[in-house]
Amino acid sequence: VRYLVLYDPATHEIGLSHVTGDRAAGRDFELWVIEGQRPPASLGVIPVGASVQLPVQDALRAKLNSGAVFAISLEPEGGSPTGQPTGPVVAAGDLRPI
């Protein structure tokens, strides 16, 4: 699975462009931010579509700094039932300023 993920601090939105990979029937991709050794924090279920926008809630904005990691997991439809990733991580990448 590949996504191009961009965070715009001016609008507090994450833009995701789907590049490759499909989700299985009855499953959703969920976007996570991982800051250091802290537990992953969900940024939400990724809606189906080639390009989508996700708003970033105030509490999660501070986690989106240089050195954080984005990860995408494959979860049950509707997202993780536990608040933490339950399915396999299918994509990950460092968060860097551009």
Side-chain angles (χ1 to χ4, degrees):
V1 173
R2 288 188 180 187
Y3 275 89
L4 173 63
V5 182
L6 297 171
Y7 172 62
D8 185 346
T11 64
H12 307 293
E13 289 187 331
I14 294 175
L16 295 109
S17 295
H18 186 229
V19 180
T20 63
D22 294 317
R23 63 190 84 206
R27 307 283 279 184
D28 277 326
F29 291 135
E30 190 162 350
L31 180 64
W32 304 86
V33 62
I34 305 166
E35 182 186 33
Q37 298 300 314
R38 296 183 180 159
S42 176
L43 293 165
V45 171
I46 301 173
V48 175
S51 294
V52 295
Q53 299 289 114
L54 291 176
V56 178
Q57 299 173 3
D58 292 344
L60 295 177
R61 289 181 192 153
K63 294 182 180 294
L64 299 179
N65 58 37
S66 184
V69 174
F70 280 135
I72 297 173
S73 63
L74 186 62
E75 298 294 339
E77 192 169 346
S80 170
T82 67
Q84 291 295 298
T86 61
V89 172
V90 294
D94 296 341
L95 182 58
R96 297 182 184 153
I98 56 171

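Position 1 is the first residue of the sequence; numbering continues from there.
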Smallest separation among heavy atoms of [X] and [Y], with atom names:
{"X": "A71", "Y": "I34", "value": "CB-CD1, 4.1 Å"}
{"X": "V45", "Y": "L54", "value": "O-CD2, 3.8 Å"}
{"X": "G78", "Y": "D28", "value": "N-OD2, 2.7 Å"}
{"X": "R27", "Y": "R23", "value": "O-CD, 3.4 Å"}
{"X": "V69", "Y": "A92", "value": "CG1-CB, 4.5 Å"}
{"X": "V33", "Y": "A68", "value": "CG2-CB, 4.0 Å"}

What I'd like to find out is whether the side chain of [X] reaches to under 4.5 Å of the side chain of [Y], using heavy atoms alone.
{"X": "S80", "Y": "S42", "answer": "no"}
{"X": "Q84", "Y": "P40", "answer": "yes"}
{"X": "K63", "Y": "V56", "answer": "no"}

Take W32 and V89, measure what side-chain contact (heavy atoms from CB on, under 4.5 Å) needs, and give me the verdict at the end.
CA-CA 10 Å; W32 304 86; V89 172; over 6 Å; no
Over 60° means perpendicular and under 30° means parallel, so tell me whether H18 and F29 are parallel, tilted or perpendicular.
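Tilted: the ring planes of H18 and F29 meet at 30° to 60°.
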Starting at [atom1] of [X], measure out to [atom2] of [Y] and round the result to the nearest 0.5 Å.
{"X": "H12", "Y": "L64", "atom1": "NE2", "atom2": "CG", "result": "10.5 Å"}
{"X": "E75", "Y": "L31", "atom1": "CD", "atom2": "CG", "result": "11.5 Å"}
{"X": "Y7", "Y": "L60", "atom1": "OH", "atom2": "CG", "result": "9.5 Å"}

Counting heavy atoms not belonging to Q57, are there more than 12 under 6.0 Å from its CD?
no
